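Here's the structure we're looking at; comments come further down.
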Protein chains: 2
Amino acid sequence: MASLTGIIEKHIEELLERANEESVFLSRKDLAERFGCVPSQINYVIRSRFTPERGYIVESQRGGHGYIRVIRLCMDMPEARANHIEELVGDSVNEQDIRRILANLQRRKLITARERLLIEVAVRFQEEIGRDLLDLSPYKRDSLHAELLKRLLRSLVLG
Amino acid sequence: MASLTGIIEKHIEELLERANEESVFLSRKDLAERFGCVPSQINYVIRSRFTPERGYIVESQRGGHGYIRVIRLCMDMPEARANHIEELVGDSVNEQDIRRILANLQRRKLITARERLLIEVAVRFQEEIGRDLLDLSPYKRDSLHAELLKRLLRSLVLG
DNA sequence: TTATTATTGACGAATATTGACCTTAAGCTT
DNA sequence: AAGCTTAAGGTCAATATTCGTCAATAATAA
């Protein structure tokens with residue numbers, strides 16, 4: 001993995017580590033100069049590597065004093081939990097399973113009541129759309145549930 | 001964040017804090033002198049930072065004894081917050097607007113970073129499904145985003 | 001070979017700063 | 001009371017500085 005993208009990705013991760021902060025402010029122009037690439041390469045790295053699904057939030061501002069800010073959440077979650085989630089959820093879950101899983105996670109204090117609420121609302125909305133608007137089969141809907149649930153939980157649990 | 005605008009913004013926020021009042025009266029001329037800038041810079045700070053979207057309203061008066069008054073809205077009633085959400089989101093929002101709204105809500109401590117992350121992931125998933133799997137039009141997708149976002153935020157904010 | 005991922009560059013959009021010119025209100029002066 | 005003066009604040013356009021998007025192309029993986 002000696003791709004430019006990989007190198008820049010590592011660099012940003014290192015900045016996050018080294019600063020021991022929750023976030024870093026980057027200058028797109030400076031980064032591009034430093035790594036001898038076009039500025040839009042930085043956008044590519046951000047878009048492909050520092051996604052919400054991987055536990056990052058990115059803010060940016062154009063114009064004078066512009067910046068790209070990368071925020072990293074959940075810095076210290078054991079990897080074991082990630083695998084656990086895959087197992088737990090599998091490829092298909094119905095809403096009852098989901099509620100059971102969420103109740104469990106909340107009881108173990110891995111998610112808050114509000115986070116659980118968000119996840120339930122998101123899943124229910126998806127169910128509603130899939131059923132009423134798109135006429136998807138029950139199996140298809142449960143597959144989508146599984147995928148959504150995994151993404152949501154991974155974003156919280158992985159760093 | 002060493003921009004003039006940022007510095008002035010912080011100063012005004014601090015005045016609000018320190019006064020522990022709901023509002024502060026500013027003198028545009030004095031502020032401009034203090035920070036060594038043209039008076040219209042103050043207008044820019046007000047227009048771009050102390051917006052209703054961020055929970056402020058501003059009154060002003062010209063002429064002798066003129067002033068700029070910055071009022072911080074406190075939205076402690078669930079009712080008020082809910083209405084605010086409706087307005088903010090409307091019937092259609094693109095992902096860029098969503099990110100702005102979420103950043104503002106987090107700044108105002110109405111949601112946490114993790115909650116923001118969950119919402120971003122849910123919206124992105126919906127976008128992905130709508131685009132790649134269901135081939136929905138951009139407008140339809142933005143409508144669905146608005147509906148999803150409103151439901152998610154209402155679930156949090158009504159509590 | 002085909003599909004995915006990475007790289008590049010042209011063009012566009014947003015933000016910050018400044019200054020010239022406009023509008024409004026209060027207090028005098030007549 | 002009307003008009004003038006002075007002291008605010010408002011608007012708008014020009015400019016500079018960043019970042020973002022999109023599509024074409026190249027490289028790599030399946």
Side-chain angles (χ1 to χ4, degrees), chain A residues 1-12 23-54 56-71, chain B residues 1-12 23-51 53-54 56-71 94-101 103-104 107 120 124 127-128 131-133 138 141-142:
Chain A
M1 196 270 290
S3 74
L4 226 193
T5 294
I7 292 168
I8 297 174
E9 175 189 11
K10 208 173 264 179
H11 175 71
I12 295 175
S23 75
V24 277
F25 287 86
L26 309 173
S27 152
R28 189 179 81 145
K29 188 164 68 74
D30 292 352
L31 265 188
E33 254 163 42
R34 169 166 193 162
F35 291 102
C37 61
V38 295
S40 58
Q41 174 82 35
I42 308 302
N43 293 85
Y44 179 73
V45 176
I46 296 287
R47 188 173 8 110
S48 60
R49 304 296 145 89
F50 296 89
T51 62
E53 287 80 4
R54 294 188 182 192
Y56 295 94
I57 290 178
V58 174
E59 298 173 352
S60 68
Q61 193 162 79
R62 307 184 192 185
H65 304 99
Y67 59 82
I68 297 178
R69 180 186 185 193
V70 179
I71 308 170
Chain B
M1 199 263 290
S3 75
L4 226 194
T5 295
I7 291 168
I8 298 173
E9 174 191 10
K10 211 173 261 178
H11 178 254
I12 296 175
S23 76
V24 277
F25 286 86
L26 308 172
S27 150
R28 187 178 82 145
K29 187 165 71 75
D30 291 353
L31 266 187
E33 253 164 41
R34 170 168 192 162
F35 291 102
C37 62
V38 296
S40 59
Q41 175 82 36
I42 308 301
N43 294 84
Y44 178 73
V45 175
I46 296 288
R47 191 176 3 112
S48 61
R49 304 296 148 91
F50 295 90
T51 62
E53 185 172 310
R54 294 190 181 199
Y56 297 93
I57 60 181
V58 174
E59 298 170 352
S60 68
Q61 192 162 81
R62 310 186 189 186
H65 306 103
Y67 60 83
I68 298 177
R69 181 187 185 193
V70 178
I71 306 168
N94 58 44
E95 287 191 82
Q96 194 185 340
D97 290 337
I98 290 176
R99 281 201 296 276
R100 246 209 350 260
I101 289 170
N104 279 328
R107 181 206 315 274
E120 283 206 23
R124 284 164 61 92
E127 167 70 14
E128 184 181 315
R131 179 168 29 78
D132 299 346
L133 213 67
R141 301 205 298 271
D142 283 354

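Note that the coordinates shown come from a computational prediction; the quantities given were computed from them, not determined experimentally. Below, chains carry the letters A, B, ... as their sequence lines are ordered, and counting in each starts from 1.
Remark: R107(B) pairs with E9(B), R54(B), N104(B) by the side-chain contact (heavy atoms from CB on, under 4.5 Å) rule, at least two apart or across chains. Annotation: side-chain contact (heavy atoms from CB on, under 4.5 Å) contacts of P138(B) (sequence neighbours excluded): R141(B). For V38(A), the side-chain contact (heavy atoms from CB on, under 4.5 Å) partners are S40(A), Q41(A), not counting sequence neighbours. Under the side chain to side chain donor-acceptor pair (under 3.5 Å) criterion, R69(B) pairs with S23(B), E59(B), not counting sequence neighbours. Remark: K29(B) pairs with S27(B), E33(B) by the side-chain contact (heavy atoms from CB on, under 4.5 Å) rule, at least two apart or across chains. The ring-ring contact (aromatic ring centres under 6.0 Å, His included) search around Y44(B) returns none, not counting sequence neighbours. Residues satisfying the salt bridge (charged side-chain N to carboxylate O under 4.0 Å, His left out) test with R99(B), not counting sequence neighbours, are none.
In this structure, L26(A) atom CG and dC19(D) atom C1' are separated by 12 Å, rounded to whole Å. The CD1-P distance, from I46(A) to dG20(D), rounds to 8 Å in whole Å. The CZ-P distance, from R69(B) to dG10(D), rounds to 15 Å in whole Å.
Using a 4.0 Å cutoff on non-hydrogen atoms, the parts of residues 27-35 of chain A near DNA chain D are S27(A), R28(A), K29(A), ordered by number.
Atom CD in E127(B) sits 10.0 Å away from atom CG in N94(B) (nearest 0.5 Å). A distance of 13.0 Å separates CD1 in I42(B) from OG in S60(B), rounded to the nearest 0.5 Å. Separation of atoms CD1 (I98(B)) and CG (D142(B)) is listed at 7.5 Å; rounding is to 0.5 Å. We find the CG-CD1 distance between N43(A) and I68(A) to be 5.5 Å, quoted to the nearest 0.5 Å.
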Each nucleotide in nucleotides 13-30 of chain C should get exactly one letter: B, S or -. Can you fill that in based on protein heavy atoms under 4.0 Å? BBBBBBB---BBBSS---
Protein-proximity profile, nucleotides 24-30 of chain D, B/S/- by nucleotide at the 4.0 Å heavy-atom cutoff, equals -------
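Residue contacts shown for I68(B) are limited to sugar-phosphate atoms, with no base heavy atom under 4.0 Å away.
Taking a cutoff of 4.0 Å between a charged side-chain nitrogen and a carboxylate oxygen, R124(B) and E95(B) do not qualify as a salt bridge.
Applying the salt bridge (charged side-chain N to carboxylate O under 4.0 Å, His left out) test to residues at least two apart or on different chains, none of the pairs has a partner in residues 34-44 of chain B.
With axes fitted over five pairs at each extremity, the angle between the ends of the helix from dT1(C)-dA30(D) to dT30(C)-dA1(D) is 30° (10° resolution).
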